[in-house]
Amino acid sequence: VLDGAGEATAGAGMSTERSIMAAIKSQIATRVNGAGSYVFDLTASDRVVHGQAFQPHRVPGCYCWFVNSDSRQDGGVTVLTRYDRQLLAQVEGWAPTDSATPGEAVLDALDLAADIRRALESDLTLGGIAQVRNESINITAVDGQGMDRPGLGVCVLRVRVDYTEEIGA
């Protein structure tokens, strides 16, 4: 099944982890549109990609990648026919800045991070692909000048998704 951004969302034989990663990418790519409360527009097909290269491919733009996944079953807490799972993803964003004012690149990166967070928090169920119980987001922003990327602000969002899944699913 493909979403509006051409990404696989869910289907027979597709892992829940893959579906969650596709939903994260899709929510950013379809909702961060520069309108209303969004500062940046990431709706072009190559603005949000899966990958793990710490360098800008398009500006503004972002990379989404899987970090890890944990499973557990806590006695007396988790229903015996289910597992509690946690997926950690990272989203790295690159924001342009045209100001020479110190700190402005960080502020531009924070605007992009806020856009991405707003998009992810707009549907905490991630399209209903998993029984999501919680989603938390940690943000870091830096001036790209310190990474030999002058004129760019960089944000990194660590996205944790807690969900429950049936045993054997």
Side-chain angles (χ1 to χ4, degrees), residues 1-33 37-40 42-43 46-57 60-95 106 109-142 147 153-169:
V1 177
L2 298 179
D3 64 11
E7 282 292 314
T9 56
M14 185 180 296
S15 69
T16 302
E17 290 83 2
R18 180 180 177 137
S19 295
I20 289 172
M21 292 304 299
I24 288 171
K25 179 181 180 243
S26 175
Q27 282 187 205
I28 297 168
T30 60
R31 291 190 167 109
V32 180
N33 59 11
S37 60
Y38 292 104
V39 176
F40 292 96
L42 301 179
T43 57
D46 60 349
R47 296 283 178 173
V48 182
V49 298
H50 287 290
Q52 200 166 343
F54 203 73
Q55 60 184 352
H57 65 290
C62 69
Y63 287 99
C64 306
W65 70 80
F66 172 83
V67 176
N68 66 20
S69 180
D70 289 320
S71 297
R72 69 185 176 286
Q73 192 176 59
D74 296 325
V77 177
T78 307
V79 177
L80 287 176
T81 59
R82 299 182 185 275
Y83 273 101
D84 291 326
R85 303 200 197 277
Q86 184 180 85
L87 180 137
L88 183 61
Q90 186 159 307
V91 179
E92 163 200 315
W94 298 86
V106 172
L110 286 173
D111 287 341
L112 179 57
D115 282 356
I116 294 168
R117 179 178 57 203
R118 189 174 299 112
L120 293 174
E121 290 176 345
S122 68
D123 179 7
L124 294 176
T125 69
L126 298 171
I129 58 174
Q131 292 181 326
V132 176
R133 295 187 324 277
N134 187 43
E135 182 181 292
S136 61
I137 301 170
N138 173 281
I139 296 173
T140 301
V142 297
M147 299 174 359
V154 182
C155 61
V156 177
L157 295 84
R158 304 274 292 185
V159 181
R160 190 186 83 208
V161 178
D162 297 319
Y163 61 101
T164 302
E165 196 167 44
E166 299 258 347
I167 288 177

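Scope of the values below: all heavy atoms of this structure, side chains included, with no hydrogens, waters or symmetry mates. Every value quoted in this text rests on a predicted model; they were computed, and no experiment measured them.
- In plain terms, the two heavy atoms of Leu112 and Gly61 that are nearest each other are CD2-O, 4.2 Å.
- Leu87 CG to Leu126 CG: the interatomic distance, rounded to the nearest 0.5 Å, is 9.5 Å.
- In this structure, CD on Glu165 lies 6.5 Å from CD on Glu17, to the nearest 0.5 angstrom.
- The NZ atom of Lys25 lies 10.5 Å from the OG1 atom of Thr30; values are rounded to the nearest 0.5 Å.
- Side-chain contact annotation: Arg82 with Thr164, donor-acceptor N/O pair under 3.5 Å absent.
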**Request:** Take Leu88 and Gln90, measure what side-chain contact (heavy atoms from CB on, under 4.5 Å) needs, and give me the verdict at the end.
**Result:** CA-CA 7 Å; Leu88 183 61; Gln90 186 159 307; over 6 Å; no
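- A pairwise comparison of heavy atoms in Leu42 and Arg47 identifies O-CB, 3.5 Å as the closest pair.
- Nearest heavy-atom pair across Met21 and Phe66 is CE-N, 3.4 Å.
- Here the side chains of Arg160 and Asn134 are in contact, with some heavy-atom distance below 4.5 Å.
- In terms of heavy-atom proximity, Ala119 sits nearest to Ile28 at CB-CA, 4.2 Å.
- With sequence neighbours excluded, no residue forms a salt bridge (Lys or Arg N to Asp or Glu O under 4.0 Å) with Asp123.
- Between the side chain of Asp115 and the backbone N or O of Phe40 there is at least one donor-acceptor pair closer than 3.5 Å.
- The side-chain tip of Arg31 does not point at the ring of Tyr38 from less than 6.0 angstrom away and within 45° of straight on.
- The two atoms that bring Gln73 and Thr81 nearest to each other are NE2-N, 4.5 Å, heavy atoms only.
- At a threshold of 4.5 Å between non-hydrogen side-chain atoms, the residues Val67 and Arg158 count as touching.
- For Asp84, the salt bridge (Lys or Arg N to Asp or Glu O under 4.0 Å) test picks out Arg133, with sequence neighbours left out.
- Nearest heavy atoms, Glu135 versus Val159: CG-CG1, 4.4 Å.
- From Leu124, atom CG reaches atom CD of Gln27 across 8.0 Å, with rounding to the nearest 0.5 Å.
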Next on the checklist: Using the rule given for side-chain contact (heavy atoms from CB on, under 4.5 Å), can you reason through Tyr163 versus Ile20, listing the C-alpha separation, both sets of side-chain angles and the distance that settles it, and then say yes or no?
Outcome noted: CA-CA 10 Å; Tyr163 61 101; Ile20 289 172; 3.5 Å; yes
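- Between atom CG of residue Leu157 and atom OG of residue Ser136 there is a gap of 11.5 Å, rounded to the nearest 0.5 Å.
- Evaluated for a side-chain contact (heavy atoms from CB on, under 4.5 Å) with Ile137, the options Val91, Leu120, Ile116 yield exactly one hit, Leu120.
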- prompt: Where do Trp94 and Val154 land on the side-chain contact (heavy atoms from CB on, under 4.5 Å) test, with the steps shown first?
  reply: CA-CA 5 Å; Trp94 298 86; Val154 182; 3.2 Å; yes
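- The side chain to side chain donor-acceptor pair (under 3.5 Å) test applied to Asn68 returns no partner, not counting sequence neighbours.
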